[in-house]
Asker: 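To start, I am sharing the structure in question, which I have written as structure tokens.
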There are 2 protein chains.
Amino acid sequence: MARKNLLAGLMDQNDTTDTPAYPMRGASKTMIRSIDELAKQAEKLMEGETIVDIDPDTIDGSFVTDRMEDDSEQFQDLLRAMQERGQDSPILVRPHPQTDGRYQIVFGHRRVRAARQLGRPVRAVIKALDDRTHVIAQGQENSARANLTFIERAAFARRLEDLGYDRETIMSALSANAASVSKMMSVTERIPAGIIERIGSAASIGRERWVELSLLIGRPNNLTKANDILDAEDTMSLDSSARFNALMAGLKTTAKRVTKSVATGTTWASADSSISAQIKSDSSGFSLSLKAGNGAKFGRFLADNLDALYDRFLKDGDRG
Amino acid sequence: MARKNLLAGLMDQNDTTDTPAYPMRGASKTMIRSIDELAKQAEKLMEGETIVDIDPDTIDGSFVTDRMEDDSEQFQDLLRAMQERGQDSPILVRPHPQTDGRYQIVFGHRRVRAARQLGRPVRAVIKALDDRTHVIAQGQENSARANLTFIERAAFARRLEDLGYDRETIMSALSANAASVSKMMSVTERIPAGIIERIGSAASIGRERWVELSLLIGRPNNLTKANDILDAEDTMSLDSSARFNALMAGLKTTAKRVTKSVATGTTWASADSSISAQIKSDSSGFSLSLKAGNGAKFGRFLADNLDALYDRFLKDGDRG
DNA sequence: GTCGATTTTTGTCAGCTGACAACAATCTAC
DNA sequence: GTAGATTGTTGTCAGCTGACAAAAATCGAC
């Protein structure tokens, strides 16, 4: 796919007034994106288009699913709101690529479902988009709108890769850099989709922990164990993040590490109290820290005489 | 104010389906709050009320300002959207507490301003709210909506406290716990409001750095220095967070710390390569770490002979 | 004035995510 | 086949914010 920057003004997020003169790090950048940003983004997609009412029965869902589970309480809220006050924001659809007279949702799936259930037309903007532009728009709208969890974004990225999109497209759809997308691919490569679905959206479980889980699951017998843990009745009654934690805990007890010998710590002080020392020793090493008045000088003395000391140690060692 | 839990269903955020069975930490909790949450919150405020069109010239702003600066580009976007498609979401107003026939905005200030500029009525829900409920609703709406920065939230909290509201009310308005509100009060107590306004909303500058700045500003002469730094022409041309960083850097060069001597690090290895050592030495101390094969044994040997070694050191030291 | 309860303050931590950097793998030109 | 460029992978870090805990301050009953 050689067509780049098709919606350059949208996809590049080139809102220079918001671009700081210094790097914005981590969680803060995510949180700065506000509803206003979202409104602006959707606005650019729909700029200059008119809104029409469409029969929901002529509308099909997107060819990429983006949400892992549906919060039926939130859907009931939306239903009630639309019933009372109509539909606040229009959805975006494109003419169906295969079927004349029908439309395909770019974003607004739940609003369509609510309108259908209410027996009402849905307010929509119709725009001709190719597949690539469609998935980028859908991805960006959903990323901004619901603050999808790491694993939901990762699953979306996996589906885009499975559909054949290149990394640049996926990066645009998720507003993510190459490293982030790569980690999503690693996780969804190592953890089977079935396991991910059984865990669920796991709100508040971040990338590092998913990576950790993916490495655990890769070990022998752990996949079977994981399914056993998820089969347990009490596990499935937990919410999604608690299921994640239960799975992690369960896999960790099977993958016991060889425990290192515990470091022992003692102290030493010179007879004249001008030096204090911290000593740590275990089966694999030794550590000596000297402090107070003469500590540095005594330390250099020790350092200068390590060869001689080592010779003496070897002799004493032989006799011992 | 003894009236509590006036809007219990709203203020307590008791959406049990979203309540995890484990603590949700830090930034992730903030980010999980999504537009859906916001929609639900506003929905509960307006539930059962009808929407009416109101002449913007009969509407006054809230008695508490909540936003530090106005992004005029975002306002232009809103203006254009309302011109093209009308007003998506109604605002919330209450009958004006002092003036009959007028209303006071709980939330929706920019939409009112845009409607006024377009010469159109504004869609609104009218609800009788007392002052306390008003500020809680305003605070929660604005907290959720724009992801206000730490200092904007802190300034809002400061205004509420100056208006006489108790900590519980302020905690509700900001959806924040006592410790968070307390830190906001410390910062806005130590940094004069004029300095804060000149810095601006400082997106991405978090609580810890504001606390650090507040402690710096509290030192003698630093307030004058801060004003001088902010007066500089090149400082004011920076964006808000960069101004913050410039101010911090400027104040820190005046509050110079005594630099510690730099620790030097060397290594040692036994002649037979069965021990490697890391040696760190500076003016105040010394550190020796031994590793590899015989490291632990040699270390114990050293530890057992520290008294003798120290005696030798003292003798050598006298001669040296 | 004292004591216990409550509130406030402040230091610190956990886990988040964007980003950076180093390294590995892949690709392309020659 | 090789070398340089590009892409992808992974370890790690910085700063965020909610929360916890300990200490300090305040309040109210006696």
Side-chain angles (χ1 to χ4, degrees), chain A residues 13 19-20 22-33 143-144 147-154 157 161 165-171 174-190 201-215 218 241 244-245 248, chain B residues 13 19-20 22-33 143-144 147-154 157 161 166-171 174-190 202-215 218 241 244-245 248:
Chain A
Q13 297 286 336
T19 307
Y22 58 97
M24 196 181 295
R25 303 232 188 237
S28 66
K29 185 176 176 183
T30 302
M31 293 192 297
I32 296 305
R33 299 184 74 179
S143 291
N147 283 328
L148 291 173
T149 66
F150 169 80
I151 200 62
E152 284 174 320
R153 283 160 57 82
E161 181 136 291
Y165 291 97
D166 64 9
R167 287 297 175 93
E168 190 175 338
T169 301
I170 299 171
M171 286 158 60
L174 290 162
S175 301
N177 66 12
S180 298
V181 173
S182 189
K183 291 174 197 280
M184 292 176 188
M185 295 308 178
S186 295
V187 167
T188 51
E189 180 76 25
R190 294 186 193 118
S201 63
S204 91
I205 305 295
R207 183 188 67 222
E208 302 317 317
R209 293 221 270 138
W210 277 103
V211 168
E212 189 180 348
L213 180 66
S214 79
L215 294 172
S241 295
F244 178 96
N245 287 322
M248 282 282 281
Chain B
Q13 297 286 336
T19 306
Y22 58 96
M24 196 181 295
R25 304 236 186 233
S28 65
K29 185 176 175 183
T30 301
M31 293 193 295
I32 295 307
R33 298 183 76 179
S143 290
N147 283 329
L148 291 173
T149 65
F150 169 78
I151 200 61
E152 284 175 318
R153 284 159 57 82
E161 178 136 295
D166 64 10
R167 288 298 174 93
E168 191 175 339
T169 301
I170 298 172
M171 285 158 60
L174 290 162
S175 302
N177 66 12
S180 298
V181 172
S182 189
K183 291 175 198 281
M184 293 175 188
M185 296 308 179
S186 295
V187 167
T188 53
E189 180 75 28
R190 293 186 192 118
S204 91
I205 305 296
R207 182 187 67 218
E208 303 317 315
R209 293 222 267 138
W210 278 103
V211 169
E212 188 180 348
L213 180 65
S214 78
L215 293 172
S241 295
F244 178 96
N245 287 322
M248 282 280 283

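Proteins get letters first, then strands, A, B, ... in listed order; numbering begins at 1 in each.
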Asker: I'd like to check the side chain to side chain donor-acceptor pair (under 3.5 Å) partners of Thr188(B); sequence neighbours left out, ordered by chain and number.
Answerer: Arg158(B)
Asker: Could you state the atom-to-atom distance from CZ of Phe244(A) to P of dC16(C) in whole Å?
Answerer: 8 Å
Asker: Between Ser241(B) (side chain) and Ile205(B) (backbone), is there a donor-acceptor pair under 3.5 Å?
Answerer: no
Asker: Please report, rounded to the nearest Å, how far the P atom of dT8(C) is from the CG atom of Asn177(B).
Answerer: 12 Å
Asker: Using whole Å, what does the distance between atom C1' of nucleotide dG15(D) and atom CE of Met248(B) come to?
Answerer: 12 Å
Asker: Working to the nearest 0.5 angstrom, can you tell me the gap between Asn177(A) CG and Lys183(A) NZ?
Answerer: 9.5 Å
Asker: Measuring to OP1 and OP2 of dG15(D), would you say a side-chain N or O of Arg209(B) lies under 4.0 angstrom away?
Answerer: no
Asker: Could you tell me how far apart Glu208(A) (CD) and dA14(D) (C1') are, to the nearest whole angstrom?
Answerer: 13 Å
Asker: How long is the span from the CD atom in Glu189(B) to the CD atom in Glu161(B), to the nearest 0.5 Å?
Answerer: 8.5 Å
Asker: Tell me, please, which residues at least two apart from Arg190(B) pass side chain to side chain donor-acceptor pair (under 3.5 Å).
Answerer: Ser214(B)
Asker: Give every pair of a protein N or O atom and an N or O atom of nucleotides 7-9 of chain D that lie under 3.5 Å apart, one pair per line with the distance.
Answerer:
unit_1	atom_1	unit_2	atom_2	d
dT9(D)	OP2	Arg167(A)	NH1	2.8
dT9(D)	OP2	Arg167(A)	NH2	3.2
dT9(D)	OP2	Ser182(A)	OG	2.5
dT9(D)	O5'	Ser182(A)	OG	2.9

Asker: With sequence neighbours left out, what residues match Ser182(B) under side chain to side chain contact (heavy atoms under 4.5 Å, CB included)?
Answerer: Arg167(B)
Asker: Quick one: Ile205(A) CD1 to dC16(C) P, roughly how many Å, whole number?
Answerer: 6 Å
Asker: CD of Glu189(B) versus C1' of dT9(C): gap in Å, rounded?
Answerer: 13 Å
Asker: dC27(C) C1' sits how many Å from Asp166(A) CG, rounded?
Answerer: 15 Å
Asker: Do the side chain of Arg207(A) and the base of dG15(C) come within less than 3.5 angstrom through a donor-acceptor pair of N or O atoms?
Answerer: no
Asker: Starting at CG of Leu174(B) and ending at P of dT17(D), how long is that distance when rounded to a whole Å?
Answerer: 13 Å
